[in-house]
Amino acid sequence: MKYRKTLIYLGSLTDMAARYNFRETETKWQTAWQEDAAFAASNDRAQPKYYVLEMFPYPSGRIHMGHVRNYTMGDVVARYRRAQGFNVLHPMGWDAFGLPAENAAIERGIHPADWTYSNIATMRGQLKMLGLSLDWGREIATCHPGYYRHQQRMFVEFLNAGLVYRKESLVNWDPVDHTVLANEQVIDGRGWRSGALVERRKLNQWFFRITDYAEELLTGLDRLDRWPQKVRLMQENWIGRSEGAYLDFPVDGRSDAVTVFTTRPDTLFGASFVAIATDHPLAVELAAKDPALASFVAECRTMGTTEEAIEKAEKRGYHTGLRARHPFIENKTLPVFVANFVLMGYGTGAIFGCPAHDQRDLDFARKYDLSVMPVVIPVGTDPTSFHVGNEAYTGDGRLHNSGFLDGLDVPAAKRAAIARLEGMERGKGAVTYRLRDWGISRQRYWGCPIPIIHCEACGVVPVPVEQLPVELPRDVDFSTPGNPLDRHPTWKHVPCPSCGAPAERDTDTMDTFVDSSWYYARFCSARSDKPVERDAVDYWLPVDQYIGGVEHAILHLLYSRFFARAMKKVGHLDVDEPFAGLFTQGMVCHETYKDPAGKWLFPEEVDKRPDGSVVTVKDGKPVTVGRSESMSKSKKNVVDPETIIKSYGADTARWFILSDSPPERDVEWTDAGVEGAFRHVNRAYRLVEEAVSSLPPPEAPAPAFGDEALALRRTTHKTIAGVTDDIERFHFNRAVARLYELTAALSADGGGADMAWARREGLETLIRLSEPMMPHLAEELWARLGHTTMLARSSWPKADPDLVRDDTVKVAVQVNGKLRGTIELPRDAAQSDAEAAALALAPVSAALSGKTVRKVVVVPNRIVNVVAG
RNA sequence: GCCCGCUUGGCGGAAUUGGUAGACGCAGCGGACUUAAAAUCCGCAACCCGCGAGGGUGUCCCGGUUCGAGUCCGGGAGCGGGCACCA
């Protein structure tokens with residue numbers, strides 16, 4: 001119903017021959033590009049390269065508008081750089097492993113591989129309809145053994161290089177589905193599918209030592225000057241560096257000490273307790289002998305892990321009865337608590353509490369009636385009158401009641417405290433990070449098998465490289481919950497590569513983030529029998545422009561940055577930063593619709609009547625229009641790209657998605673906007689069709705130009721300069737606006753030979769500059785203007801500086817900052833001339849009547865401001 | 001709670017980075033073409049007062065710097081994003 005108007009319009013044409021037939025034309029040029037291999041990256045390493053990459057899609061079934069936006073922007077960059085003479089690499093692939101394929105298998109009985117490859121076929125076809133200038137010869141799918149075998153090889157190489165290790169760690173275990181859940185799959189403490197209460201279970205898991213690179217990943221951010229500041233900040237916060245110290249609290253009656261981490265060693269004299277996490281080794285040991293502590297620990301564990309639960313959770317502790325000795329104060333001991341707010345995963349899982357200067361410690365101290373002694377006094381405050389109520393003081397100040405630290409400011413006190421601790425061998429300055437090592441084991445089928453064999457005699461044995469890939473077995477059974485690889489009758493049983501005795505494969509697969517952490521490198525030599533060819537990656541990497549959604553600002557981009565360094569360590573490449581430039585695009589949004597029963601409706605299920613009312617197409621019931629939100633299947637506010645392409649053509653879809661909204665911001669998809677873009681496509685076509693017979697041939701010598709022709713040429717060359725600059729700066733919406741203006745300027749007809757020449761120049765420029773956005777129409781019109789070389793292989797125009805700068809300028813004239821008129825002056829006119837011309841303006845003298853001119857500010861070619869009073 | 005971003009006509013957004021606010025598009029209005037409609041083309045259009053010439057106001061709010069502020073500074077409001085018992 002939605003595209004009724006257009007379809008009828010197209011169907012009822014009598015002058016079809018003169019009308020732009022986008023269907024035929026788009027197919028024609030897509031075929032021509034393919035036959036010409038116009039977008040295959042060259043192997044000529046002497047040429048300057050440009051690597052444009054968009055985040056590759058997950059093959060979920062069909063492409064959505066987010067893909068259209070992402071890949072259109074990448075294509076604009078690719079086509080623009082190609083026209084500038086760069087050897088462009090612009091590849092496409094599929095992030096093809098992942099849970100949805102297994103869910104399809106469970107729900108619909110389709111094998112994950114079949115489901116995935118069929119989706120890839122559909123989506124590849126859809127992407128091809130968009131006319132993207134991709135080098136399809138380098139297509140990869142991460143679920144293909146030809147890809148993941150290299151990933152397995154690198155896993156082994158990383159293992160040998162000490163970048164991979166195995167340890168027991170806690171996971172979210174769904175006892176009904178017999179599976180491990182990601183944190184996002186735990187909703188209110190229950191499994192998202194089964195609804196069962198999730199247990200914390202210890203499993204042996206593989207980890208990548210990303211924390212080895214914490215400092216480098218942090219400092220490296222400073223050099224990523226073509227990344228959005230926002231993303232760099234998010235990564236910085238995620239890595240979460242903090243400087244402080246480790247220090248030991250010997251425990252009375254025990255031989256070992258509790259080691260704590262603190263960022264505030266300066267506040268040690270204000271310490272009033274020591275607290276350890278519920279899963280701290282000491283707590284575990286004590287709980288084994290103390291049932292009350294054991295039940296306290298158990299109680300803490302049942303507490304939700306949601307943000308809200310944490311927010312509301314009260315600080316609770318269990319007094320162990322142990323006393324820890326203060327490092328600086330002779331004979332002073334502190335009570336040792338097991339506390340619910342201390343995390344085993346950060347620092348050492350133990351803290352000392354200084355209630356006066358830490359809010360959590362203060363809350364805890366108030367509850368358990370511990371002493372609160374301020375030791376940092378704000379400058380200018382009398383120490384005797386400074387008290388801490390219910391708000392801890394975390395600001396700067398002078399140390400007080402702190403022995404050898406007294407009188408120092410906070411930074412100096414930190415240094416002094418650490419120096420003393422180190423001197424006593426009771427502690428040591430240290431840096432910790434929030435970043436944890438990357439656990440990659442997943443108890444799933446549809447992922448890259450971890451190439452490890454567990455042998456009773458030899459232990460953990462990597463699969464020898466010549467035996468890779470460890471392929472996924474095809475005959476798997478999804479009828480019972482859990483990991484099909486683990487249940488498979490034969491797959492995991494193999495002889496140990498080192499002793500030959502019966503052994504078992506690791507039945508875990510890798511986190512799918514591993515797959516996407518190096519695909520950019522694989523594209524450089526996509527068919528190599530090694531993970532990468534060194535000369536190829538040395539030439540192509542880093543990616544010059546990476547484009548994708550901001551939702552990957554942290555994990556994917558951080559993991560990729562780590563992976564590049566890991567690959568460098570084992571000799572596969574020589575860059576640290578895989579993505580030199582990053583652009584994060586906004587989302588595609590659409591209004592939402594609900595019927596009277598409150599059920600979501602697809603846009604094509606609603607009809608907008610001329611009177612402004614909105615009703616259901618089916619039975620005319622009133623529809624509630626909701627605010628525009630990111631397109632999502634659950635709210636049905638989606639528009640299918642294929643429908644749009646079939647109704648309006650790919651060029652219209654591409655043009656529309658680039659116009660109006662700046663690329664980094666969300667764009668609102670509207671039918672009216674699409675129709676506006678469609679109008680433009682047809683107008684451009686008509687413009688050229690109507691003009692072509694009156695134009696001089698291509699490359700005709702330039703005649704002498706009259707004023708009118710010169711003015712048109714100025715517009716043309718200003719557009720070249722403007723659009724070039726806009727594309728460079730990712731201001732595609734402004735580039736589109738400028739092309740609209742040029743189109744309007746070219747609409748006037750008449751004039752002599754000079755106008756005809758200028759019009760050809762203008763039309764060719766319009767076509768040339770529009771090609772990145774609407775390549776099919778541009779190729780078509782280029783050919784109609786008599787060119788025999790493909791536009792895709794022709795170069796970007798250069799603006800003539802003499803035509804970009806005007807001879808005369810319009811200068812605004814203000815009196816006391818208020819606009820009173822404008823004057824036309826020769827460019828770079830003398831200041832005195834500008835001043836005289838300004839003062840001669842009638843509105844200026846009117847505004848000046850009864851006032852004395854105090855001074856005249858002249859900004860050449862811009863403004864004259866007469867200051868009077 | 002901490003960190004970051006944004007706020008401009010009816011709507012999406014421009015504004016050469018301190019120099020004529022509102023380019024361009026959408027929606028709207030008026031006109032041309034048409035028997036009529038669609039399509040197309042031309043024009044109008046921030047708001048208020050005024051028949052008009054014109055005048056006044058205006059970029060979330062308050063204040064400041066400046067000859068001049070959407071743009072810089074200080075304070076505040078609203079919306080959005082990231083992180084979060086991180087010691």
Side-chain angles (χ1 to χ4, degrees), chain A residues 5 8-9 12-13 15 19 228-238 240-242 244 260-264 267 275 277 307 309-315 339-343 345-354 357-361 363-364 432-436 550-551 553-554 628 655-656 659-662 664-668 670-677 679-680 682-683 686 721-722 725 731 733-741 743-744 747 810-822 843 846 854-868:
Chain A
K5 258 203 293 196
I8 290 171
Y9 153 61
S12 65
L13 289 173
D15 57 339
R19 180 69 53 177
Q229 186 61 35
K230 181 170 82 170
V231 174
R232 289 193 276 170
L233 247 157
M234 281 163 70
Q235 292 217 348
E236 189 182 319
N237 291 336
W238 186 262
R241 182 182 202 273
S242 49
V260 308
F261 177 74
T262 180
T263 54
R264 295 296 301 272
T267 65
E307 290 179 18
I310 288 164
E311 185 91 25
K312 288 179 185 155
E314 129 186 69
K315 312 270 173 291
N340 66 343
F341 68 95
V342 181
L343 307 174
Y346 186 79
T348 60
I351 61 159
F352 80 80
C354 175
H357 305 295
D358 182 283
Q359 193 59 47
R360 285 157 315 171
D361 296 350
D363 294 345
F364 190 80
T432 60
Y433 302 88
R434 210 190 70 104
L435 184 71
R436 321 278 176 79
V550 74
E551 67 272 18
I554 299 175
S628 182
W655 185 262
F656 170 65
S659 56
D660 295 347
S661 290
E664 67 278 11
R665 246 188 265 182
D666 290 353
V667 63
E668 162 85 358
T670 63
D671 295 339
V674 177
E675 270 156 29
R679 270 198 293 275
H680 174 74
N682 286 296
R683 185 160 37 222
R686 234 180 296 117
D725 188 50
H731 292 166
N733 55 321
R734 288 207 311 210
V736 165
R738 283 187 216 273
L739 292 170
Y740 273 122
E741 287 176 295
T743 307
S747 297
K810 217 161 110 191
V811 172
V813 180
Q814 300 179 332
V815 175
N816 291 336
K818 258 193 201 333
L819 184 70
R820 294 295 169 185
T822 58
R854 297 245 167 87
K855 106 178 164 186
V856 181
V857 180
V858 179
V859 180
N861 304 325
R862 283 273 164 76
I863 207 160
V864 177
N865 189 13
V866 183
V867 186

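Letters go in sequence order (proteins before strands), and every chain restarts at 1. FYI, side chains are in, hydrogens and waters are out, and symmetry mates aren't considered; it's all heavy atoms of this structure. Not measured: the values here are computed from a predicted model.
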Can a donor-acceptor pair be found, under 3.5 Å and without considering hydrogens, that links the side chain of A:N816 to the backbone of A:A868?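 Yes; at least one donor-acceptor contact below 3.5 Å.
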
Judged by each residue's nearest nucleotide on RNA chain B, which is more toward the 5′ side, A:V864 or A:V550?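 Nearest nucleotide further toward 5': that of A:V864.
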
Quick one: on RNA chain B, does A:G676 or A:E664 contact a more 5' nucleotide (nearest heavy atom)?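 Here A:E664 is the residue nearer the 5' end.
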
Under 4.0 Å between a side-chain N/O of A:R862 and OP1 or OP2 of B:U16, yes or no?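 For B:U16, neither OP1 nor OP2 has a side-chain N or O of A:R862 closer than 4.0 Å.
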
Report yes if a side-chain nitrogen or oxygen of A:R434 is closer than 4.0 Å to either non-bridging phosphate oxygen (OP1 or OP2) of B:C83; otherwise report no.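 No, outside the criterion.
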
What is the nucleic acid contact for [X], judged by heavy atoms within less than 4.0 Å: base, sugar-phosphate only, or nothing?
X: A:V857; result: base
X: A:Y740; result: sugar-phosphate
X: A:V342; result: base
X: A:L343; result: base
X: A:S661; result: sugar-phosphate
X: A:G673; result: nothing

So, do A:V864 and A:V858 sit near enough that their side-chain heavy atoms are less than 4.5 Å apart?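 Yes, their side chains come closer than 4.5 Å.
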
Please state the [atom1] separation for the pair [N] and [M] - nearest whole angstrom.
N: B:A45; M: B:G54; atom1: P; value: 14 Å
N: B:G25; M: B:C44; atom1: P; value: 13 Å
N: B:C47; M: B:U8; atom1: C1'; value: 14 Å
N: B:C49; M: B:G30; atom1: C1'; value: 24 Å
N: B:C24; M: B:G13; atom1: C1'; value: 9 Å
N: B:C11; M: B:G22; atom1: C1'; value: 13 Å
N: B:U16; M: B:G10; atom1: P; value: 23 Å
N: B:G43; M: B:G56; atom1: C1'; value: 27 Å

What about A:K855: does its side chain form a donor-acceptor pair under 3.5 Å with the base of B:C67?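 Result: no qualifying N/O pair found.
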
On a plain distance test, is the side chain of A:N237 in donor-acceptor contact with the base of B:C83 below 3.5 Å?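 By the distance-only test, no, there is no pair.
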
Does B:U40 fall in syn (glycosidic angle within 90° of 0) or anti?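 Anti conformation here, the glycosidic angle of B:U40 being more than 90° from 0.
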
B:G64, syn or anti by chi within 90 degrees of zero: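 For B:G64, whose glycosidic angle is more than 90° from 0, the conformation is anti.
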
Could you state the atom-to-atom distance from [atom1] of [X] to [atom2] of [N] in whole Å?
X: A:I351; N: B:C86; atom1: CD1; atom2: P; answer: 10 Å
X: A:L435; N: B:C83; atom1: CG; atom2: P; answer: 14 Å
X: A:H680; N: B:A39; atom1: NE2; atom2: P; answer: 19 Å
X: A:E668; N: B:G25; atom1: CD; atom2: P; answer: 19 Å
X: A:R854; N: B:C67; atom1: CZ; atom2: C1'; answer: 12 Å
X: A:D725; N: B:U17; atom1: CG; atom2: P; answer: 10 Å

Step by step, would you call A:Q229 with A:R232 a side chain to side chain donor-acceptor pair (under 3.5 Å)? CA-CA 5 Å; A:Q229 186 61 35; A:R232 289 193 276 170; 3.0 Å; yes

CZ on A:F341 to CG on A:D361, rounded to 0.5 Å: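 It is 5.5 Å, given to the nearest 0.5 Å.
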
Given the rule that a pair is Watson-Crick or G-U wobble with both distances under 3.5 Å, how would you write RNA chain B in dot-bracket, using | for pairs to a different strand? (((((((..(((......[....))).(((((.......))))).((((....))))..(((((..]....))))))))))))....

Please list, pair by pair, any protein nitrogen or oxygen found under 3.5 Å from a nitrogen or oxygen in nucleotides 54-63 of chain B.
{"residue": "B:U57", "atom": "OP2", "partner": "A:K818", "partner atom": "NZ", "Å": "3.1"}

Distances under 3.5 Å between nitrogen or oxygen atoms of protein and nucleotides 21-23 of chain B:
{"residue": "B:A23", "atom": "O2'", "partner": "A:E741", "partner atom": "OE2", "Å": "2.8"}

Tabulate atom names and distances for all N/O pairs under 3.5 angstrom spanning the protein and nucleotides 40-45 of chain B.
{"residue": "B:U40", "atom": "O3'", "partner": "A:R686", "partner atom": "NH1", "Å": "3.3"}

State which residues pass salt bridge (charged side-chain N to carboxylate O under 4.0 Å, His left out) with A:R738; sequence neighbours excluded, sorted by chain then number.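 Salt bridge (charged side-chain N to carboxylate O under 4.0 Å, His left out) check on A:R738 returns A:D726.
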
Tell me, please, which residues at least two apart from A:D725 pass salt bridge (charged side-chain N to carboxylate O under 4.0 Å, His left out).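 A:R729.
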
